[in-house]
**Student:** 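One structure follows; several queries about it will come next.
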Amino acid sequence: LSSREMLCLMELLEEAFTRREGWPLLQVLHRWAAAPRQGNAAQEIDAIVLATLAGTDLQDPAARAQATDIISSLVAALESPPSHPAP
């Protein structure tokens, strides 16, 4: 882990143990961890999720809510079955 990722992880742990308003983000992160990963798109989504987390001030409720929305959309893309082009 980079120092920025480690700081983010520590902030998430603090949210989990001290503040209930952090739960929506943590719930989305649980979905992300459980989502199936196939292909390059999944790797790109993972990179965007990590960058979003690392770039978010988790102490700021508005920033945390925005990150939750962004990550939730990305997780939904992972959870959706890939569409196959028609023959």
Side-chain angles (χ1 to χ4, degrees):
L1 292 175
S2 71
S3 60
R4 189 174 184 114
E5 291 169 337
M6 193 172 297
L7 177 62
C8 178
L9 178 59
M10 295 302 293
E11 288 178 352
L12 285 171
L13 288 171
E14 181 180 346
E15 287 295 324
F17 290 113
T18 62
R19 297 183 207 155
R20 296 296 290 172
E21 66 259 11
W23 285 116
L25 177 57
L26 294 174
Q27 290 171 347
V28 169
L29 293 176
H30 279 285
R31 284 180 43 219
W32 174 50
R37 286 170 173 71
Q38 298 173 347
N40 291 338
Q43 291 177 347
E44 291 173 11
I45 289 173
D46 286 349
I48 296 168
V49 169
L50 290 172
T52 300
L53 285 171
T56 300
D57 177 2
L58 296 175
Q59 303 303 315
D60 178 357
R64 191 171 51 244
Q66 183 179 23
T68 301
D69 290 344
I70 291 167
I71 295 169
S72 182
S73 296
L74 293 166
V75 170
L78 282 175
E79 292 170 335
S80 298
S83 59
H84 299 287

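All values below come from the heavy atoms of this structure, side chains included, with hydrogens, waters and symmetry mates left out.
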**Student:** Looking only at non-hydrogen atoms, find the nearest pair between Leu25 and Ile71 and report the distance.
**Tutor:**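 The answer is CD1-CD1, 4.1 Å.
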**Student:** How many angstroms lie between CD in Gln27 and OG1 in Thr68, if you round to the nearest 0.5 Å?
**Tutor:**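 The CD atom of Gln27 sits 9.5 Å away from the OG1 atom of Thr68.
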**Student:** Let me have the donor-acceptor pairs involving side chains of residues 45-54, under 3.5 Å, with sequence neighbours excluded, atom names and distances please.
**Tutor:**
unit_1 : atom_1 : unit_2 : atom_2 : d
Asp46  : OD1    : Trp32  : NE1    : 2.8
Asp46  : OD1    : Arg37  : NE     : 3.1
Asp46  : OD1    : Arg37  : NH2    : 3.3
Asp46  : OD2    : Arg37  : NE     : 2.8
Thr52  : OG1    : Ile48  : O      : 2.7

**Student:** I'd like to know if Leu78 and Leu26 are part of one continuous hydrophobic network [Ile/Leu/Val/Met/Phe/Trp/Tyr, side-chain heavy atoms within less than 4.5 Å].
**Tutor:** yes
**Student:** Can you tell me how far CG of Leu74 sits from CZ of Arg31, rounded to the nearest 0.5 angstrom?
**Tutor:** 10.5 Å
**Student:** Yes or no on side chain to side chain contact (heavy atoms under 4.5 Å, CB included) for Ile70 and Thr56, after CA distance, side-chain angles and deciding distance?
**Tutor:** CA-CA 11 Å; Ile70 291 167; Thr56 300; over 6 Å; no
